[in-house]
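Beneath this line is the structure, given in structure tokens, with notes to follow.
First the proteins, then the strands, lettered A, B, ... as listed; each starts at 1.
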Amino acid sequence: MRSFKLNPLTVKKINRFKSIKRGYYSFIIFSLSLFFAMFAEFFVNSKAILVKYEGNYHFPTYSDVISGETFGLDYKYETNYRELNKQFESEESDNFVIMPVFPYNPLENDLQEGIYPPTAPNMDNQHFLGTDTTGRDILARLVYGYRIAIVFSLGLLLINYVIGITIGCLMGFYGGWFDIIVQRIIEIWSNIPFLYVVIIVSSIVVPSLGVLMGIMAFFGWMGMTWYMRTKTYKEKEREYVLAARALGAKDRKIIFSHIIPNSISLIVTFIPFSIAGGMTSLTSLDYLGFGLLPPTPSWGELLSQGTSRLDAPWIGISVVFAMILILTMITFIGEAIREAFDPKKHTTYQ
Amino acid sequence: MEIVLEVKNLSTSFATEAGRVQVLNGVNFKVPKGKTVGIVGESGCGKSVTSLSIMRLLPKPSGQVDSGEVIFKDRDLLKLPISDMYQIRGKKVSMIFQEPLTALNPVHKIGKQLGEVFELHFPKMSQQEVWDESVRILKEVGIPEAERRMSEYPHQLSGGMRQRVVIAIALACKPELLFADEPTTALDVTIQAQILKLMKNLQEDIGMSIIFITHDLGVIAQLCDEVVVMYAGKVVERGPVELIFDSPKHPYTKGLLASIPRLDHPRKQTLATIEGMVPDVFNFPSGCRFHTRCPYKIEKCTEAVPPEEWIDGIREVSCIRYKEI
Ligand SMILES: Nc1ncnc2c1ncn2[C@@H]1O[C@H](COP(=O)(O)OP(=O)(O)OP(=O)(O)O)[C@@H](O)[C@H]1O
Ligand SMILES: [Mg+2]
């Protein structure tokens, strides 16, 4: 009986977004990249996806360590599936191993006798983008570093928006002294030197992802308050807010059912730029060495290797190229969302 | 006759950049149960501010009621704790605004906006009951295909439909008093007539009182039992509609009535207008505020504010010369 149609205006916005080709395609590619990053274990991993041994099937991807003895090898530590693969192939038996397309994980040092890392890209040993200064696969590090950066940005975005929207909304809604005092607090707050705090904090505690997110959010929530504050000031003067008041609606009701829903399009337009911002800041912190502890895969750390080892240009080129690609796509998406949500675009007069 | 609302000596002022302006200056009127009271007056005389003051919906902190009482069923609304006011708004006293489009939130479906009133005042009702009741009331205000309209958005409805939705929302809880602030000015004449008829019918069903704010004396004649004529933040004349229309006592009311075109008068005759402009809120004239435009002005009019005088115990006028003119 009750149909759940989208608001026709929302449908219009979505269609408009789809019609902006480069934004739309960037969105599709970016979503795919998120999907691959979330399930990276199946694509970039030193563990096999599937092993058939003596009639039994094994799925090592998400399982605990499977000892080499399980597959008739002479060691107890974790199976080296790349070796196992080669062995099974030469044996001509029923046993087989299906490896991910990129058969390395981001933490292992693939060291071979007589070869000193970094090694250049090489199709034969399947280091498609080469290895870094300690012999780790660059592609694996890029992919897992990307995943961490995305998780970081999304988490940061969530914290920043929840705090920023709440405070901005309250400022705009209650106005008066509350607004003035919080404004001054924010102005003082935003003058705390960010990098010093990071340096101090990371000298006291080990900078984990959560700690870094906390520090970044400590400085990042303020941006959204300004937009939300202005938007709330505008929204609360609307006649439907007065009408809701006349029906007996309380502050909370007005904020949640009138002001926030009408601010969604504003919030949505900021999301892509916040994600890009989050990724860039994590990368720069890592680059400067205040970020996540090694050996966590990270673009910033790769970038600093790249800049110090110009004789191994594949390191720098890979990470710079990946950054440009992702940031450009996000910018295209952001641009298209802004276009699509611009209310001036909805009506035309002739 | 039972009185639902009595406004006594209501004064309201606004803080503006140029200082405080006294917008209402001792407004008095009564609303009998089940009757319709019309408030007329030129633009800016304080009609909307009167209704907002009564509902305690003045923009804070600039707007403020300075003095007066608003007695609604033996309680002074101005002195109630705000939490009681939330209970009264929308349930006992409702309001319809001028612009039907802007009074509805563009992002919510009609069904949600209508259902919200029930959720506010009858939190125990189930989803299904809210839905059924909403559909019923939409049908009652004459919306065809009410079920389908429930899941549409305001912009998908015509102006007349939207105003019907707004009326449905205002009447959902069967209030005892309804403020209608120029509810039909934005609509064309046929729709206007339909809406007025609808309001009249619903009034009879529910037995509520209506305060009808308008510029249109024609609407007052059609719809109202009593009329309150306001000028520059004061009530200058009030009483039963027939009496006031037949024999207006205040020069301002006379002027207003003379300015409506009438078919039984010779066509070529030019319409009478009230000379001059509404006085500026920052410097109201001394004494009677209408004296700057009044054809019957004498020296005494500029000296003291004229008292409100009862005539025959049923109507009131504030003009010192009403007997002679
Ligand atoms: N928020 C406000 N701040 C300052 N002055 C205000 C405010 N709201 C209303 N006023 C003043 O109060 C006076 C009365 O306004 P009100 O809206 O009640 O007029 P009205 O009689 O309803 O006119 P209309 O018929 O045009 O709706 C006007 O002079 C207006 O300038
Ligand atoms: Mg008005």
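No side-chain heavy atom of A/Lys250 sits under 4.5 Å from any side-chain heavy atom of B/Ser83.
With a 6.0 Å radius and a threshold of 12 heavy atoms from other residues, nucleotides or ligands, A/Tyr24 has its OH atom at or below the threshold. Around the CG atom of B/Asp74, the shell of radius 6.0 Å holds no more than 12 heavy atoms that belong to other residues, nucleotides or ligands. For A/Tyr227, the OH atom counts as loosely surrounded, since its 6.0 Å shell holds 12 or fewer non-hydrogen atoms of other residues, nucleotides or ligands. The number of heavy-atom neighbours closer than 6.0 Å to OH of A/Tyr161, taken from other residues, nucleotides and ligands shown, is above 12. No more than 12 heavy atoms of other residues, nucleotides or ligands sit less than 6.0 Å from atom NZ of B/Lys35. Within 6.0 Å of CZ in A/Phe178 there are more than 12 heavy atoms belonging to other residues, nucleotides or ligands. Around atom CZ of B/Arg75, no more than 12 heavy atoms belonging to other residues, nucleotides or ligands sit under 6.0 Å away. The environment of A/Lys21 atom NZ is dense: over 12 non-hydrogen atoms of other residues, nucleotides or ligands sit within 6.0 angstrom.
Counting heavy-atom pairs closer than 4.5 Å to chain A, the top-ranked of the candidates B/Met95, B/His108, B/Met85 is B/His108. No other option in B/His121, B/Glu116, B/Met150 has as many heavy-atom pairs under 4.5 Å with chain A as B/Glu116. Ranking A/Gly175, A/Ala249, A/Ser257 against chain B, the residue ahead of the rest is A/Ser257, based on heavy-atom pairs under 4.5 Å.
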(message) Run the side chain to side chain contact (heavy atoms under 4.5 Å, CB included) test on B/Val107 and A/Thr10 for me, step by step, so that the C-alpha distance in whole Å, both residues' side-chain angles and the decisive distance to 0.1 Å come before the verdict.
(response) CA-CA 9 Å; B/Val107 304; A/Thr10 315; over 6 Å; no

(request) Give the intermediate values and the outcome of side chain to side chain contact (heavy atoms under 4.5 Å, CB included) for residues B/Phe97 and A/Leu242. (result) CA-CA 9 Å; B/Phe97 293 89; A/Leu242 184 60; 3.4 Å; yes

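Shortest non-hydrogen contact noted between B/His155 and A/Pro8 is NE2-CG, 4.0 Å. Annotation for B/Ala103 and A/Ala243: closest pair O-CB, 3.8 Å, computed over non-hydrogen atoms. Residues B/Ala170 and A/Leu247 come closest through the heavy atom pair CA-CD2, 4.5 Å.
Summarising the geometry, atom NZ belonging to A/Lys253 is positioned 13.5 Å from atom OH belonging to B/Tyr86; distances are rounded to the nearest 0.5 Å. Distance check, rounded to the nearest 0.5 Å: CG of B/Asn105 to CG of A/Asn262 gives 4.5 Å. B/Lys60 NZ to A/Tyr174 OH: the interatomic distance, rounded to the nearest 0.5 Å, is 14.5 Å.
The parts of B/Pro106 that come within reach of chain A are both its backbone and its side chain, each placing non-hydrogen atoms under 4.5 angstrom from that chain. Neither the backbone nor the side chain of A/Arg238 comes within less than 4.5 Å of any heavy atom of chain B. Heavy atoms closer than 4.5 Å to chain A are found in the side chain of B/Leu52, but not in its backbone. For a residue to count as touching a neighbouring chain, one of its non-hydrogen atoms must lie under 4.5 Å from one of that chain's; by this rule B/Glu119 touches chain A with the side chain only. Residue B/Leu120 touches chain A through its side chain alone, counting heavy-atom pairs closer than 4.5 Å. At a 4.5 Å heavy-atom cutoff, B/Val166 makes no contact with chain A through either its backbone or its side chain.
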